[in-house]
Amino acid sequence: MTSDAPTLVISVPDDKLEKDLSGLPGIEVVRWDMGDAAPRAAFDIVVPPYMRSPRVLARLEGVEVRLVQSQSIGYEAAAKHLPPGIVFANAASVHEGSTAELAVALTLASQRQIPRFVAAQDAGRWAGPREGDAFPSSLADRRVLIVGFGGVGTAIAARLRGFEAHVEAVATHARTEDGTVVHALEELPVLLPQTEIVILALPGGDDTAKLVDDAFLSALPDDALLVNVGRGSLVDTDALLRHLRGGRIRAALDVVDPEPVPEGHPLWSAPGLLLTPHVGGASTAMRPRIAALVRQQAERMQRGEEPINVVLRT
């Protein structure tokens, strides 16, 4: 940024992001967690709080804002609450790596029966295989299908290549990308019976709601594993519960419907299920990456360039 560039006013929701951005030339940082009315009539960039209800975006009504920079990749709920005249960018480049790491971790933990071993450790019991027991499933040599091949899907595929699995993907259009064969979505009925591990990395929204229904799950072979790091709305929870209770398939979910899971919900006790509380992007990689993205948006704005990652214009 040049010394004669105009000063940009950026609101941030917490002291960590304020610290990461403070002292940069040409930037004034204002703390606003969007829990109450805006402290200014105008901002150049507003960064909403992470993992807060998108309803806080209604606080922007009557506030002059050039750009809302989300801290999340998903944005389907934001459109319902944004006032008109808002440019909204998502956090592409921030969470893909961490979410892909968790997808692989969930897959490995489920395949290698880590939850069973942790429970045995808590009970002070040695749970090694007994004579005649089946070995835990591997990731090596398994047929893995990634459903959704955007930023998160491609990051998952890159991390799976070192595990000697057979990895293919499904997306809107068939192609070969970065060495991965990507099938068209309509090929799912043919692919699922040959798939041992399905990893969901799709966004939410009406087009993908309950994509994983009874027919989808019934098409999978016995002992298949379903991993979801996309959105909880992708899966018909009632159908999944029926299949889990039948013991034919397993699941590892970071996102669910409903979320958070209410006390006493049958998901808590479903057999063959590993559940994490929507923590795909919640790692130490997030803070420096979101700060870098906000700095990049500010620098582009000062140079008169269009922002990146724009997904909504209301």
Side-chain angles (χ1 to χ4, degrees), residues 95-147 152-153 155-167 195-201 212 217 220-230 232 234-235 237 239-286:
H95 299 290
E96 289 86 344
S98 292
T99 304
E101 287 176 356
L102 185 62
V104 175
L106 289 171
T107 302
L108 284 169
S110 297
Q111 291 292 94
R112 300 304 301 267
Q113 301 182 8
I114 300 302
R116 179 171 74 85
F117 298 139
V118 170
Q121 179 183 352
D122 289 342
R125 177 172 52 85
W126 188 258
R130 296 167 297 186
E131 186 175 353
D133 284 353
F135 282 172
S137 300
S138 67
L139 179 50
D141 301 329
R142 301 285 71 78
R143 297 184 298 275
V144 182
L145 186 68
I146 302 170
V147 181
V152 172
I156 294 170
R159 284 154 180 79
L160 287 176
R161 289 189 187 109
F163 287 94
E164 301 176 19
H166 304 294
V167 181
T195 298
E196 295 166 289
I197 300 170
V198 176
I199 302 178
L200 304 176
V212 180
L217 296 168
L220 292 170
D222 290 349
D223 199 42
L225 172 66
L226 175 73
V227 179
N228 190 4
V229 294
L234 301 175
V235 179
T237 300
L240 177 61
L241 282 168
R242 288 194 297 271
H243 283 262
L244 290 172
R245 288 166 178 158
R248 201 181 64 80
I249 68 167
R250 300 165 292 124
L253 311 176
D254 183 52
V255 287
V256 291
D257 181 20
E259 188 176 302
V261 180
E263 182 179 356
H265 194 282
L267 279 169
W268 289 118
S269 56
L273 174 62
L274 173 57
L275 192 62
T276 56
H278 201 152
V279 292
S283 79
T284 53
M286 178 183 170

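Residues Leu273 and Ala252 approach most closely at CD1-N, 4.4 Å, considering heavy atoms. Summarising the geometry of Gly281 relative to Ser98, their closest heavy-atom pair is CA-CB, 4.1 Å, with the distance given to 0.1 Å. The nearest pair of heavy atoms linking Ala100 to Val152 is CB-O, 4.5 Å. Taking every heavy atom of both residues into account, Pro136 and Gln111 meet most closely at CB-O, 3.5 Å.
Just one of Leu145, Val104, Leu160, Leu226 meets the side-chain contact (heavy atoms from CB on, under 4.5 Å) condition when paired with Ile199; it is Leu160. Exactly one residue among Thr237, Val256, Leu253 makes a side-chain contact (heavy atoms from CB on, under 4.5 Å) with Val261. That residue is Val256.
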**OP:** For Leu200 and Val255, run side-chain contact (heavy atoms from CB on, under 4.5 Å): C-alpha distance rounded to whole Å, both residues' side-chain angles, the deciding distance at 0.1 Å, then the answer.
**Re:** CA-CA 10 Å; Leu200 304 176; Val255 287; over 6 Å; no

**OP:** Begin from the C-alpha positions of Val229 and Ile156 and carry the test side-chain contact (heavy atoms from CB on, under 4.5 Å) through to its verdict.
**Re:** CA-CA 10 Å; Val229 294; Ile156 294 170; 4.1 Å; yes

Original post:
Taking it one step at a time, do Ile249 and Leu240 satisfy side-chain contact (heavy atoms from CB on, under 4.5 Å)?
Top reply: CA-CA 9 Å; Ile249 68 167; Leu240 177 61; 4.2 Å; yes

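Distance CG/Asn228 to CG/Leu106: 10.0 Å, rounded to 0.5 Å. Note that CG of Leu102 and OG1 of Thr276 are 5.0 Å apart. Values are rounded to the nearest 0.5 Å. In this structure, the separation between CZ on Phe163 and OG1 on Thr107 is 9.0 Å, given to the nearest 0.5 Å. The distance from atom CZ of Arg250 to atom OG of Ser137, rounded to the nearest 0.5 Å, is 5.0 Å. Taken to the nearest 0.5 Å, the CG atom of Asp254 stands 7.5 Å off from the CD atom of Glu259. Note that the OG1 atom of Thr195 and the CG atom of Leu225 stand 12.0 Å from one another [nearest 0.5 Å].
The number of heavy-atom neighbours closer than 6.0 Å to CZ of Arg143, taken from other residues, nucleotides and ligands shown, is above 12.
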Donor-acceptor pairs under 3.5 angstrom involving side-chain atoms of residues 120-128: please list them, not counting sequence neighbours.
none

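Asp222 contributes no side-chain N or O that, together with a main-chain N or O of Arg248, makes up a donor-acceptor pair within less than 3.5 Å. Formation of a donor-acceptor pair under 3.5 Å by the Arg245 side chain with backbone atoms of Ala270 is not found in this model.
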